[in-house]
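First up is the structure itself, then whatever we jot down about it.
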Amino acid sequence: MEIQKLKGQSAIITGADSGIGKGVALALAKAGAKVSVNFVHNHEHADELVTEIKKHGGEAIAIKADVSREHDVLAMFAQHLSVYGSLDIMVNNAGLQKDAKLVDMTLDQWQTVIDVNLTGQFLCSREAAKIFIQQGVRQGVSAAAGKIICMSSVHEIIPWAGHVNYAASKGGIEMLMKSLAQELAPFKIRVNGIGPGAIQTPINKEAWETSEALNKLLTLIPYKRIGQPVDVGNLAAWLVSDEADYITGTTIFIDGGMTLYPGFSDNG
Ligand code: NAD
C-alpha cells in the first residue's frame, strides 16, 4: 500500500499551470497534499490540472495571481487559507526568461525577470513564513512548522551569457534561500532550493523541439536524457516530507550531471 507522505497538509505552488510547477503539483497531490494551483495567464490549463488531480482523488483549487505584485500575492494567500484553513508547503516555482545580449538588454527585460523570479519568491516566502510562524508545528501533521522550496536552476552556479537577468535572478535565489533558512530554522521552518538542469517544458522549447537542438543539448548532459517535470515533482514531494526533516538551507541539483563540467569528461 502506498503511504501518502503529505496527508493532512496543504501547499501553494506558483506557476503550476505549466511545466515543472504542474509536475510538482501532481506529485504533491499524489502524496496526499491539498494544492493551490497558481496561474497568472492560463486559467484553462490551471482548471484542467485541478480536474486531473480531483479525478485521482486529490483536492485542488486554481488561484490567479501575478507573483511579482504584492497585492495579488496577499490575495492568493487569503484565498488559500479561506479554503484550506492552514498552509504547510510553499513552492516558489513561477519564473520566466527575457533573453538578450547584455548590450541589447532593456531595463524592462532585466526588471521583469528580477521581479518575477526573485521578488516573487521573496513576497511568497514572506507570506508563507508569517503563516508558518503563527501556526507552529502541527503535531501529527509534519515535524516542521512549514517547508519552503525555492525553484532555482543550474544557473545558480553556471554563468549564462545572453541571459544575465535570468542567471542573476537564480544566483540571487541561492542567497535568498540560504538567508531565509538561517532566519527561519529556529521556527522549525525548512527552506531549500531545487536546481533543475534541462527539463522538457515550454520555457526551453527551442532547446529540444528539433532532433538537432536536442542532440546539442545532450552534449551538456552526462546522463544523456532530458529531464521531465515528474523528476522534479518526485524530488519536491520528498524534500517537503518528514523523510527530509534534517535538510535545510541547501540546493539540490537535479540535472543528469549538467553541473559536472561535462567538457572535462574527455580530459578537458
Ligand atoms: P514554464 O514556462 O512551463 O512555467 C513557468 C510558469 O511560471 C508558467 O506557469 C508561467 O505562467 C508562470 N509565471 C510566469 N510569470 C508569472 C507571474 N508573474 N506570476 C505567476 N506565475 C508566473 O517553465 P518551467 O520550465 O516549468 O519553469 C518553472 C521554473 O523552473 C522556473 O522558475 C524556471 O526558471 C525553473 N527552471 C526550469 C528549467 C527547465 O529546464 N525547464 C531549468 C531550470 C530552472
Side-chain angles (χ1 to χ4, degrees), residues 14-15 18-21 23-24 91-105 109-122 125 148-181 191-210 212-236 239 247-268:
T14 62
S18 174
I20 291 174
V24 171
V91 183
N92 293 313
N93 167 76
L96 44 71
Q97 290 179 216
K98 298 270 177 204
D99 308 331
K101 295 222 175 301
L102 174 66
V103 293
D104 299 324
M105 188 174 285
Q109 285 172 316
W110 168 267
Q111 199 63 55
T112 302
V113 171
I114 297 297
D115 285 351
V116 173
N117 294 14
L118 188 56
T119 308
Q121 296 216 3
F122 153 70
S125 300
I148 298 173
I149 286 181
C150 299
M151 199 58 71
S152 184
S153 164
V154 290
H155 296 296
E156 177 179 304
I157 55 170
I158 301 178
W160 206 12
H163 307 73
V164 294
N165 46 2
Y166 185 84
S169 75
K170 297 300 183 180
I173 285 170
E174 182 188 17
M175 274 299 143
L176 172 72
M177 177 276 291
K178 284 181 184 284
S179 303
L180 290 178
V191 189
N192 288 292
I194 290 180
I199 311 295
Q200 195 166 13
T201 76
I203 210 174
N204 55 3
K205 204 165 161 212
E206 74 290 345
W208 51 261
E209 66 184 344
T210 64
E212 198 188 4
L214 182 61
N215 285 336
K216 187 165 171 245
L217 178 67
L218 291 178
T219 64
L220 299 174
I221 309 173
Y223 202 62
K224 297 293 170 218
R225 77 164 169 89
I226 190 167
Q228 297 300 323
V230 68
D231 292 315
V232 185
N234 289 339
L235 170 59
L239 191 54
I247 301 179
T248 194
T250 199
T251 298
I252 298 182
F253 291 101
I254 176 163
D255 65 355
M258 191 178 252
T259 44
L260 296 175
Y261 296 94
F264 281 80
S265 60
D266 193 21
N267 207 24

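Below, each value reflects all heavy atoms present in this structure, side chains not excepted, and no hydrogens, waters or symmetry copies.
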**Request:** Please state whether the rings of His163 and Trp160 are parallel, tilted or perpendicular, taking 30° and 60° as the class boundaries.
**Result:**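 If you compare the ring of His163 with that of Trp160, the planes turn out parallel.
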Can you tell me how far [atom2] of [Y] sits from [atom1] of [X], rounded to the nearest 0.5 angstrom?
X: Lys178; Y: Ile173; atom1: NZ; atom2: CD1; result: 13.5 Å
X: Gln111; Y: Asn165; atom1: CD; atom2: CG; result: 10.5 Å
X: Tyr261; Y: Ile158; atom1: OH; atom2: CD1; result: 7.5 Å
X: Ile148; Y: Leu239; atom1: CD1; atom2: CG; result: 12.0 Å
X: Ile203; Y: Ile20; atom1: CD1; atom2: CD1; result: 7.5 Å
X: Tyr223; Y: Leu260; atom1: OH; atom2: CG; result: 13.0 Å

**Where at least one partner belongs to residues 149-159, residue pairs that pass side-chain hydrogen bond (donor to acceptor under 3.5 Å, both in side chains), sequence neighbours excluded** =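 Qualifying pairs, neighbours excluded: Ser152-Glu156, Glu156-Thr251.
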**Prompt:** Taking the side chain from Asn192 and the backbone from Ile149, do they hold a donor-acceptor pair closer than 3.5 Å?
**Reply:**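 Pair absent, no side-chain N/O of Asn192 close to backbone of Ile149.
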Testing the basics here: between [X] and [Y], what is the closest heavy-atom pair and its distance to 0.1 Å?
X: Ser169; Y: Asn117; answer: OG-ND2, 3.2 Å
X: Met151; Y: Pro196; answer: SD-CG, 3.8 Å
X: Ala213; Y: Glu206; answer: CB-O, 3.4 Å
X: Cys150; Y: Gln121; answer: CB-OE1, 3.1 Å
X: Pro229; Y: Gln200; answer: CD-O, 3.9 Å
X: Trp110; Y: Val164; answer: CZ3-O, 3.9 Å

Kindly indicate whether the side chain of [X], heavy atoms from C-beta on, has any atom under 4.5 Å from the side chain of [Y].
X: Thr112; Y: Leu96; result: yes
X: Thr201; Y: Ser18; result: no
X: Pro262; Y: Thr219; result: no
X: Ile221; Y: Asp255; result: no

**Contacts of Leu214 that satisfy side-chain contact (heavy atoms from CB on, under 4.5 Å) - sequence neighbours left out** =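 Only Trp208, Leu217, Leu218, Ile226 meet the side-chain contact (heavy atoms from CB on, under 4.5 Å) criterion with Leu214.
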**Message:** My understanding is that only residues two or more places apart in sequence, or in another chain, count here; which of them pass side-chain contact (heavy atoms from CB on, under 4.5 Å) with Ser179?
**Reply:**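 Scan of Ser179 (side-chain contact (heavy atoms from CB on, under 4.5 Å), adjacent residues dropped) gives none.
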**Message:** I'd like to check the salt bridge (Lys or Arg N to Asp or Glu O under 4.0 Å) partners of Lys205; sequence neighbours left out, ordered by chain and number.
**Reply:**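 Testing Lys205 for salt bridge (Lys or Arg N to Asp or Glu O under 4.0 Å), a comparison that skips the adjacent residues, returns Glu209.
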**Request:** Using salt bridge (Lys or Arg N to Asp or Glu O under 4.0 Å) as the criterion, list what pairs up with Asp231, not counting sequence neighbours.
**Result:**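 Residues passing salt bridge (Lys or Arg N to Asp or Glu O under 4.0 Å) with Asp231: Arg225.
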**Set of side-chain hydrogen bond (donor to acceptor under 3.5 Å, both in side chains) partners for Ser125, sequence neighbours left out** =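 By the side-chain hydrogen bond (donor to acceptor under 3.5 Å, both in side chains) rule, Ser125 matches Asn92.
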**Request:** Evaluate whether atom NZ of Lys224 has more than 12 neighbouring non-hydrogen atoms of other residues, nucleotides or ligands under 6.0 angstrom away.
**Result:**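 For Lys224, atom NZ is crowded (more than 12 foreign heavy atoms under 6.0 Å).
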